[in-house]
There are 2 protein chains.
Amino acid sequence: MANIQQVASLAGVSVATVSRVVNGQLTVSPKTRIKVEQAIKKLNYEPSMLGRNLRTSESRILLVLIPTISNPFYLEIIRGIEDIAISQDYNILLCQTDSNPERENTYFNLVRKKMADGIISMDPAVNIETLVSLSENHAIIQCSEYTIDSGIPFVTIDNEGASFRAVKHLIKLGHNKIALINTDEKYLYARQRQMGYQKALEEHGISINQDYIFHTKQIGLEYGQQAMKKILNLEKRPTAVFAVSDLLAIGALKEINSLGLKVPNDIALVGFDQIDFSNMTNPTLTTIAQPMYKMGTLAAKMLINKIKGEKVESIILDHELVIREST
Amino acid sequence: MANIQQVASLAGVSVATVSRVVNGQLTVSPKTRIKVEQAIKKLNYEPSMLGRNLRTSESRILLVLIPTISNPFYLEIIRGIEDIAISQDYNILLCQTDSNPERENTYFNLVRKKMADGIISMDPAVNIETLVSLSENHAIIQCSEYTIDSGIPFVTIDNEGASFRAVKHLIKLGHNKIALINTDEKYLYARQRQMGYQKALEEHGISINQDYIFHTKQIGLEYGQQAMKKILNLEKRPTAVFAVSDLLAIGALKEINSLGLKVPNDIALVGFDQIDFSNMTNPTLTTIAQPMYKMGTLAAKMLINKIKGEKVESIILDHELVIREST
DNA sequence: CTGAAAGCGCTAACAT
DNA sequence: ATGTTAGCGCTTTCAG
């Protein structure tokens, strides 16, 4: 484990020159450059990030906050973030908060303690007050889930519009008893998607039946299953269900199948996110596709620009309705 | 962004004393402790990990190498690693290699450059020569996929035994035409699981039919689907299929369902890993359960002990056959 | 084109 | 119980 000092000695130059060579500066004569490179090779020298990080006062680490890694929705986003990060010599610390404030605080501390240079938050359950106050001194971007007028730049999709399209699709197929499996209304995306659902119904003169609207505590297969159980027990059973996440929809589908009912004939089903598994179910799931990879790359680029001190603008990306067998 | 120096000035003590307070040393008098704590609060001081890390020559970061995050098998393992890591003030850098040697090398460099204190490798496609040579100077543990006689400690399960049980279960149900969907034999786990398959057949006097053994390039839904397509085109169609991963099995199931065939009546199916989705399929999947969370916690503990310079022993954990609707 | 030297923020050995 | 001080490994002015 040689250090820069030893390399300098062996090459017969100063540490400054070694540093210049290592960092690819052009002000070094070819002759000395070669001397230094040989010394580096001979000593198997690897510059320590520890020294460099302290000196430059940066960690080259990006924090990525997600509720849980078990929702495949985040997979491609993370991939996008990672690709940009690596290309710019950053690394990402993937942090699952599990909606646990204590855990979240542990992660926030990392940026306070300079262990991370910035945060991409995708956690709907994030403590937004803390996030905003943190954003005064640190680079922060929100991805997918965001906060209006917080001053924190975000990249997301038009949740209300996407939801509107999904429900309109069901209406066009002749459904008018359409249930909604939503998550907790404390999340912005949940409110937006519910709004899209309601607007689609209203536009077609279908009155909103509160008995058809269900809220799950979290996103997860089992929550979708439970919600569907309730829906199937309804007196006036809906003929279609819109779930605000594929995970919920797949859980719901499981419940429908278990009871021997058929999708889409007995009940039509629409999900949200187009995760890989949504194409493996029987029948395959109609769903909303989000440009997840792109969302990730943009969030990463925005964050890195923000770290550099540049001004960044929020972005709203397009979505798509993917019609498959479940409708 | 105050530093230790400013806190010391304000509190009227030396930086050493501030450091002692911050690190909870007991050799500080209550009186000065309070003075220091007040100064810390007043200045909103957060100790910089950058300074500390350089000084202690550690990064408090653990590298976790996985092929891809999209196999849910890794989810609980990661959770286990994370829980232990956080409890010991470590953070984990989740690294997807995508079986890309270049990407892998980028990650290896992180430990060479002291950006990480150790590695938990779960990547079957890891360059084992590099890993072994790295293990001479760095703490490394293999988890799930391992290498015999490499000197690198590992935690895993008895792949051959698990596979043996799965196939034996099929035989007991009366099947004798059993296909195997395996991955590339260059991976140890693939060879071990194939060995278990073969031994089970042999033990029951069933001759091994090479036409029934399929190898996919990777683990993924679509690969399972493709393999199943071939299996269903076989002249003597098997009555049962054992896939070495739930992801492959779910892809296979998709293909079976698409053709209107019924599981388990037309074809029985067994997977491996007991991922969440294996209980959402129709029918639910018989599979092998691994103690994933435990595996993760053990791997993390082993790594941290190894970092401390302790000697660590490899561990082989138990598995379980979970019989569900697909057999 | 190169070197000397300061210093990033912290810990810990040593002294008192 | 507390302070002084060296130094972890690096980058970056400033001089020459």
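Letters A, B, ... are given to chains in the order of the sequence lines, protein chains preceding strands, and every chain is numbered from 1. What you are looking at is a predicted structure, and each value in this text was computed from that prediction instead of being measured.
Taking a pair as Watson-Crick or G-U with both hydrogen-bonding distances under 3.5 Å, the stems of three or more pairs touching DNA chain D are C:1-16 with D:1-16.
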All N/O contacts under 3.5 Å from nucleotides 2-4 of chain C to the protein, with atom names and distances to one decimal?
residue, atom, partner, partner atom, Å
C:dT2, OP1, A:Ser29, OG, 2.9
C:dT2, OP1, A:Thr32, OG1, 2.8
C:dT2, OP2, A:Ser29, N, 2.8
C:dT2, OP2, A:Thr32, OG1, 2.9
C:dG3, OP2, A:Ser14, N, 2.9
C:dG3, OP2, A:Ser14, OG, 3.3
C:dG3, OP2, A:Thr17, OG1, 2.7
C:dG3, N7, A:Arg20, NH1, 3.4
C:dG3, O6, A:Arg20, NH2, 2.6

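Atom CZ in A:Arg52 sits about 21 Å away from atom P in C:dC10, given to the nearest Å. Rounding to whole angstrom units, CG of residue B:Asn53 and C1' of D:dG7 are separated by 16 Å. When the C1' atom of C:dC1 is taken as reference, atom NZ of A:Lys35 falls 12 Å away, rounded to whole Å. Protein atom CD1 of B:Ile4 is 5 Å distant from nucleotide atom P of C:dT11, rounded to whole Å. Atom CG in B:Leu50 sits roughly 19 Å away from atom P in C:dG7 (whole-Å rounding).
Sorted by residue number, the members of residues 54-62 of chain A with any non-hydrogen atom under 4.0 Å from DNA chain C read A:Leu54, A:Arg55. Across residues 38-49 of chain A, not one residue has a non-hydrogen atom less than 4.0 Å from an atom of DNA chain C.
Atom CG of B:Asp318 sits in a sparse spot, with 12 or fewer heavy atoms from other residues, nucleotides or ligands closer than 6.0 Å. In the displayed structure, A:Asp276 atom CG is contacted under 6.0 Å by at most 12 heavy atoms of other residues, nucleotides or ligands. Atom CD of A:Glu310 is surrounded by more than 12 heavy atoms from other residues, nucleotides or ligands within 6.0 Å.
Annotation: side chain of A:Leu65 is in contact with side chain of A:Val126 (closest heavy-atom distance under 4.5 Å). Considering only heavy atoms from C-beta on, B:Ile152 stays 4.5 Å or farther from B:Ile141 through its side chain.
Using a 3.5 Å distance cut-off with no hydrogens or angles, the side chains of B:Tyr189 and B:Thr183 do pair a donor with an acceptor. There is no side-chain donor-acceptor pair under 3.5 Å between B:Thr68 and B:Asp98. Between the side chains of B:Thr130 and B:Ser133, no donor N or O sits under 3.5 Å from an acceptor N or O.
A salt bridge (Lys or Arg N to Asp or Glu O under 4.0 Å) check over residues 127-155 of chain A, counting only residues at least two apart or in different chains, returns nothing.
With sequence neighbours excluded, the residues satisfying side chain to side chain contact (heavy atoms under 4.5 Å, CB included) with B:Asp117 are B:Glu58, B:Ser59, B:Tyr90, B:Ile307.
Taken to the nearest 0.5 Å, the CD1 atom of A:Ile119 stands 13.5 Å off from the SG atom of A:Cys143.
Note on A:Arg79 versus A:Glu82: no salt bridge recorded, every NZ/NE/NH1/NH2 to OD/OE distance being 4.0 Å or above. Taking 4.0 Å as the cut-off between side-chain N and carboxylate O, B:Asp83 and A:Arg103 count as a salt-bridged pair.
Projected onto DNA chain D by closest heavy-atom contact, A:Gln25 and A:Gly51 fall at different nucleotides, the more 5' of which corresponds to A:Gly51.
Distances shown here put a side-chain N or O of A:Asn23 below 4.0 Å from the OP1 or OP2 atom of D:dT11.
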